[in-house]
Structure formats: structure tokens, C-alpha cells
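Everything numeric in this text was worked out from a predicted model, so none of it was measured.
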Amino acid sequence: MPRRLPPGFYRRPTLKVAEDLIGRVLVHTTREGTTVGRIVEVEAYIGETDPACHAAPGWTPRNAPLYGAPGRAYVYLNYGIHQLVNVVTEPEGVPAAILLRAAEPLEGLDLMRRRRDRRGSGRALERMELCRGPGNLTKAMGITLAQNRSALDESDFYLGDSPATRGKDPGTCDPTLAVVGWSPRIGIRVATGRRWRCALAGSPYVSGLRATPAPQIHHSSVAGN
DNA sequence: CGTTCGATGCACT
DNA sequence: GTGCATCGAACGT
């Protein structure tokens with residue numbers, strides 16, 4: 001079993017946490033079973049001065065989790081349909097979070113398919129499609145608004161150290177060796193100059209491959225643990 | 001390939 | 001009333 005990342009992991013500069021998150025595993029256990037995915041794509045939303053951050057208008061009941069303790073989940077409803085999951089970063093009081101956008105499915109693929117399966121017609125989803133995109137990821141992993149504010153060091157869903165395996169599939173690797181690229185965040189019309197989307201270079205599990213410019217490779221090896 | 005567009009719910013003005 | 005940190009079906013080329 002993966003080891004949970006401690007709250008201190010999240011109580012750091014958000015861009016650093018974002019980079020460190022690539023290659024970690026997301027685990028969620030429910031009555032239905034356990035699903036595990038390796039994080040390959042995230043986006044940072046930092047502070048009231050970031051116009052794309054939900055904290056831009058200042059504190060509200062909705063965005064309150066952003067101002068709370070790091071290492072907790074911020075889940076919200078998007079477009080009335082999709083539930084998007086973030087992890088809160090920075091010291092308490094600094095509103096910032098990281099949106100989980102895509103993962104490489106590792107365990108519980110059948111359960112993911114059942115959760116994703118759109119009613120009626122449809123071929124079986126490929127592994128690559130199960131957790132690609134923030135709305136798809138939460139659906140496949142069974143994450144809902146019920147997880148809002150939950151503490152990842154004691155919740156039944158959490159982020160952890162990745163298994164030691166690496167390099168079996170294209171674009172997969174250990175977080176201590178992850179080569180990441182930075183690009184503009186997807187789906188927003190403001191602050192497009194901020195390249196705060198971080199993805200595992202070359203991963204086929206990343207979303208928006210057609211829609212966005214290739215991530216800029218800037219670096220690097222991330223200090224593990 | 002590509003682009004458009006409807007579904008859908010809620011926070012905030 | 002407006003505008004989303006989206007998705008995928010349905011079309012056009």
C-alpha cells in the first residue's frame with residue numbers, strides 16, 4: 001500500500017507542490033472497491049491575485065476550504081455537471097490549491113469503467129480515457145462533493161507515494177525522476193500567461209493533448225520524500 | 001481530422 | 001440573470 005503524504009507536504013509553495021505531485025498515486029476506497037491512479041497532470045490556482053483562482057473575489061462560503069488547512073480537499077461542482085477535486089496548499093490562511101486533472105489508472109479499472117460507463121450505447125473505454133480530464137477523473141475515482149474539506153491524511157481517499165515501478169509504459173515514471181512540462185491552464189480565459197499547468201512529459205494519459213500547445217519542458221528531478 | 005453546441009446546477013452580481 | 005477550472009455527441013471538411 002502507498003504511504004500517505006503528510007500535511008506538511010502540502011504546506012509549501014503551490015508550484016513546488018504541483019511539481020512534486022506528478023507521479024504520486026491517488027487512492028480511493030469505497031464499498032465498491034479500491035481505485036488507484038498515478039497523477040500525470042495538475043493545475044495550480046494561487047491566491048486572491050490570481051484571477052482564475054476561486055479565491056479571486058475574496059472569501060465566500062463556497063471557496064472557504066481554500067483558506068483552510070493544507071492537505072484537505074476542495075471539491076466543487078462545475079458547469080452543473082462535473083465535480084472537480086483540488087488539494088489545498090500553502091499555510092492556512094493563504095488561499096491556494098491544485099486541481100487534479102488527469103491520472104494513469106493503476107488499479108480498479110473495471111470499477112472505473114462502471115462509474116464512467118455512459119448509459120446506453122458506447123464501446124468500452126480505453127485505459128487512457130478513464131481518468132483523462134478533471135471531470136472524468138473524479139467520476140472514475142468515485143470522488144464527489146461529499147469529499148469536500150476532507151483531510152487527505154485520514155480520508156478514504158488520499159495521495160501517496162508511488163510504487164517503485166517505472167518505465168513499463170510510455171510516459172510513466174517515478175516521482176523522484178519525473179520530467180514535467182509547464183503550459184497555460186486549460187479552460188480559462190484569464191491569466192493565460194501564467195503557465196501553471198504541470199504535466200508528466202510524454203504521458204498519453206494527459207488531457208488536452210490536441211487543444212493545447214505542447215508542454216514546455218523546463219526540468220527536472222524532484223526531490224523524493 | 002476539425003468545430004460547435006447542449007446539458008446542467010449553483011455561486012455570485 | 002450571467003458565467004463558469006467540462007464533456008461528448010453531432011455535425012462539417
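Shown here are the side chain to side chain contact (heavy atoms under 4.5 Å, CB included) partners of A:Asp156, two or more places apart in sequence or in another chain: A:His28. A:Arg12 pairs by the salt bridge (Lys or Arg N to Asp or Glu O under 4.0 Å) definition with A:Asp20, not counting sequence neighbours. By the salt bridge (Lys or Arg N to Asp or Glu O under 4.0 Å) test, A:Arg4 pairs with no residue at all, sequence neighbours left out. Not counting sequence neighbours, A:Glu90 has no partner by the salt bridge (Lys or Arg N to Asp or Glu O under 4.0 Å) test. Residues satisfying the side chain to side chain contact (heavy atoms under 4.5 Å, CB included) criterion with A:Leu159, sequence neighbours excluded, are A:Leu5, A:Tyr10, A:Leu21, A:Leu26, A:Ile39, A:Val87, A:Leu152.
Side-chain contact check for A:Leu15 versus A:Glu19: every heavy-atom pair is 4.5 Å or farther apart. Proximity of A:His82 to A:Thr138: side-chain heavy atoms (C-beta onward) are nowhere separated by under 4.5 Å.
Taking atom CG on A:Leu145 and atom P on C:dT6, their separation rounds to 16 Å, with Å as the unit. Put simply, CG on A:Leu137 is 14 Å from C1' on C:dC7, counting in whole angstrom units. Across the protein-nucleic acid pair, A:Arg194 atom CZ and C:dA5 atom P stand 15 Å apart, rounded to whole Å. Between the CD1 atom of A:Ile188 and the C1' atom of C:dG3 there is a distance of 14 Å, rounded to whole Å. Atom-to-atom, CG of A:Asn136 to P of C:dA9 comes out at 11 Å; the value is rounded to the nearest Å. In this structure, A:Arg185 atom CZ and C:dC4 atom P are separated by 14 Å, rounded to whole Å.
Using C1' as the reference atom, C:dG8 and B:dC10 are 22 Å apart when rounded to the nearest Å.
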All N/O donor-acceptor pairs, side-chain side in residues 92-103 of chain A, below 3.5 Å, sequence neighbours left out:
residue	atom	partner	partner atom	Å
A:Arg101	NE	A:Glu41	OE2	2.9
A:Arg101	NH2	A:Ser207	OG	3.1

Distance-only donor-acceptor hits, side chain of residues 142-151 of chain A, under 3.5 Å, sequence neighbours excluded:
residue	atom	partner	partner atom	Å
A:Thr144	OG1	A:Ala146	N	3.1
A:Thr144	OG1	A:Gln147	OE1	3.4
A:Gln147	OE1	A:Thr144	N	2.8
A:Asn148	OD1	A:Val75	N	2.9
A:Ser150	OG	A:Gln147	O	2.7

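Listed by first then second residue, pairs satisfying side chain to side chain donor-acceptor pair (under 3.5 Å) with a partner in residues 62-78 of chain A read A:Glu48-A:Tyr67, A:His54-A:Tyr74, A:Thr60-A:Asn63, not counting sequence neighbours.
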So which protein nitrogen or oxygen atoms get under 3.5 Å of nucleotides 11-13 of chain B's nitrogens or oxygens?
residue	atom	partner	partner atom	Å
B:dC12	OP1	A:Thr60	OG1	2.1

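Residue A:Ile81 belongs to no hydrophobic cluster, having no ILVMFWY side-chain heavy atom closer than 4.5 Å to its own.
OP1 or OP2 of C:dG8 lies within a sub-4.0 Å distance of a side-chain N or O belonging to A:Arg116.
Using a 4.0 Å cut-off on heavy atoms, the residues of residues 76-88 of chain A that approach DNA chain B are A:Leu77, A:Tyr79, A:Gly80, A:Ile81, listed by number.
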Pair assignment for DNA chain C - dot-bracket with | for other-strand partners, Watson-Crick or G-U under 3.5 Å = ||||.|||||||.

